[in-house]
Amino acid sequence: MARALVEKRIDWTGIFFAVILTIVIVVPLLVVGTWAFTNVWRYPSVIPQEFGLKFWQQTLARADVWSAITMSLSLATVVTLLSAIICLPAAYAFARMDFPGRNILFFSFLAGHAFPKFGLLVAIAGIFLSLNLIGTFWGVVLIQLVGTLLFMIWIPVAAFQSVDRRMEEAARDVGAGPFRVFWSITLPQAGPTIAAAILLSFVGTFYETEGAWLIGAPQIRTLPVLMISFINNQPVIQYGAVLSVLLWVPSFIALLFARRVISSGSFAKGFGG
């Protein structure tokens with residue numbers, strides 16, 4: 001009887017989908033990771049004939065790789081700083097103030113992610129072409145800035161809304177000014193979540209490919225764009241695999257940090273008034 005009850009509690013549907021997701025997501029990552037540390041792997045062998053770091057040395061010795069890394073880091077830094085300067089005051093206003101069109105404007109930042117991104121980029125590219133921004137650093141900055149709005153508006157709004165208002169009122173009651181209240185009470189509570197939003201924006205910009213390729217090519221070449229070029233044009237697959245593994249590092253760090261400070265309801269809290 002007890003055994004029958006245990007068997008009924010097993011969620012076979014959940015297990016099935018977990019296995020499918022593991023196959024679809026984990027297996028390709030394992031294959032790419034294996035290729036990055038493989039010197040020789042020829043069909044029909046199931047495992048590589050020779051492991052090694054030969055292609056790491058060759059890839060990291062290329063000048064175009066370091067140029068792409070520098071470009072990606074520069075773009076991600078500039079876009080993240082501009083996004084923080086523009087979006088954080090806006091997020092505070094959305095969280096604490098009531099003004100005409102507030103809800104419509106707030107949801108408009110989500111609208112850009114509700115439609116096929118490439119079609120939007122093509123339309124923007126037509127405008128940028130008339131403004132001579134195609135193939136320029138600042139053209140790519142502007143197009144990537146659009147992609148950070150979701151992180152840098154919605155997550156900070158949730159952070160500011162979750163601040164304990166009673167602590168702010170208590171600080172005002174003892175004579176603290178608006179800046180002192182914000183610096184000593186509001187920011188320490190909202191800071192970790194805002195830091196996670198900034199980090200996610202940095203990583204998302206670092207990985208952004210479509211806008212960097214459509215607006216920046218051929219003068220601006222980021223690391224993801226270079227990786228795609230290696231995969232499509234290089235006879236040696238290990239070059240692309242090495243760059244792919246390099247791109248995993250910032251994502252892994254960001255996810256570890258964001259997981260500690262962002263709850264599963266952070267985006268939903270952005271709907272609060």
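Just so you know, residue 1 is the first one in the sequence shown, and it goes up from there.
- How far OG1 of Thr80 is from CD1 of Ile198: 8.0 Å, rounded to the nearest 0.5 Å.
- The existence of a salt bridge linking Glu50 and Arg42 is excluded, since no basic side-chain nitrogen approaches an acidic carboxylate oxygen closer than 4.0 Å.
- The nearest pair of heavy atoms linking Ser72 to Phe206 is CB-CE1, 3.4 Å.
- Closest heavy-atom contact between Val79 and Leu145: O-CD1, 3.6 Å.
- Considering all non-hydrogen atoms of both residues, Val157 and Ala91 come closest at CG2-O, 3.4 Å.
- Taking the six-membered ring where tryptophan is involved, the planes of Phe182 and Tyr92 are perpendicular, since the angle between them exceeds 60° and thus also 30°.
- Within the 4.5 Å cutoff, side-chain heavy atoms of Thr34 are placed close to those of Trp41.
- At distances below 3.5 Å, at least one donor-acceptor pair connects side-chain atoms of Ser45 with backbone N or O atoms of Ile47.
- Heavy-atom minimum distance, Met167 versus Gln189: SD-NE2, 3.6 Å.
- Trp35 and Phe51 fall into different hydrophobic clusters, where Ile, Leu, Val, Met, Phe, Trp and Tyr are joined by side-chain heavy atoms under 4.5 Å apart, directly or via other members.
- The CG atom of Leu246 sits 6.0 Å away from the CG atom of Leu60 when rounded to the nearest 0.5 Å.
- Thr209 and Pro224 make their closest contact through OG1-CB, 3.4 Å (heavy atoms, listed as atom of the first residue, atom of the second, distance).
- Closest approach of Leu223 and Val65 over heavy atoms only: CD1-O, 4.4 Å.
- From Leu121, atom CG reaches atom CH2 of Trp213 across 10.0 Å, with rounding to the nearest 0.5 Å.
- The side-chain contact (heavy atoms from CB on, under 4.5 Å) with Ser201 is formed by just one residue from the set Leu149, Thr148, Ile155; it is Thr148.
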